[in-house]
A.B. asks: 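Questions regarding the structure given below will be posed in turn.
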Amino acid sequence: MARRGGCCMYFNIITAIIGVAAGFSAFAVFFFQFENRQAGMWAFVSGVFASTTLFIHILYKRHALELWYTPENLQQIRTLGLMGLLAGLAGVATYIGIASSKQEDFPSMKNISSNHYFMAIWAFLTLKWGASLFGFSHFYRRKLLEEYHPLLA
């Protein structure tokens, strides 16, 4: 396969690591400390999509993607990314609609446990990582199809 190093690959891996750390740490903070359960769950789902994206980046970089996944598996992961993208889009639209209809103030430390804008932010990050998983699994699937030759063909 093509060259798998360079600035773009390292940028993708570093941003995915940041996404995983931010998602899972925000889950703990929002869910347990601030008791904003919905924002905590969106942060957790965002962390899961970021970790899946990180995993396929690392497998691709280490030339092990073809050992773990077939192009059909990557197509299923792409579908999962599409579902995350659509769920995040629905969440963002819903929470911004609720916040604007209730005429909520913008987020602050006083209203962190009930503000819908925090939920919209984490739904947007789920949308972002769902789109990232969708795009990269599609890209890596195309790369695998260029060189993939099944044993029993």
A.B. asks: Is the closest side-chain donor-acceptor distance between S114 and N111 under 3.5 Å?
C.D. replies: no

A.B. asks: Residues two or more places apart in sequence or in another chain: which of them pass side-chain contact (heavy atoms from CB on, under 4.5 Å) with F139?
C.D. replies: R142, K143

A.B. asks: Please list, chain by chain and in numerical order, all residues satisfying side-chain contact (heavy atoms from CB on, under 4.5 Å) with I14, sequence neighbours excluded.
C.D. replies: I18

A.B. asks: What pairs with A99 under side-chain contact (heavy atoms from CB on, under 4.5 Å), at least two apart in sequence or on another chain?
C.D. replies: E104, H116, Y117

A.B. asks: Can you list everything that forms a side-chain contact (heavy atoms from CB on, under 4.5 Å) with F27? Sequence neighbours excluded, please.
C.D. replies: F31, F32, M41, A43, F44

A.B. asks: With a 3.5 Å distance limit and no angle check, can you tell me whether T15 reaches the backbone of F11 through a side-chain donor-acceptor pair?
C.D. replies: yes

A.B. asks: I want to check something: taking the side chain as every heavy atom from C-beta on, are F49 and L125 in contact at a cut-off of under 4.5 Å?
C.D. replies: no

A.B. asks: Taking only residues two or more places apart in sequence or in another chain, which ones pass side-chain hydrogen bond (donor to acceptor under 3.5 Å, both in side chains) with D105?
C.D. replies: none

A.B. asks: Output all residues satisfying side-chain hydrogen bond (donor to acceptor under 3.5 Å, both in side chains) with W42, sequence neighbours left out; order by chain, then residue number.
C.D. replies: Y95

A.B. asks: Do L59 and Y140 have side chains that get closer than 4.5 Å, going by heavy atoms?
C.D. replies: no

A.B. asks: Is it the case that the side chain of N115 and the backbone of I112 share a donor-acceptor pair, with hydrogens and angles ignored and the cut-off at 3.5 Å?
C.D. replies: no

A.B. asks: To check you understand the geometry: which heavy-atom pair defines the closest contact between R141 and P71, and what is its length?
C.D. replies: NE-O, 3.1 Å

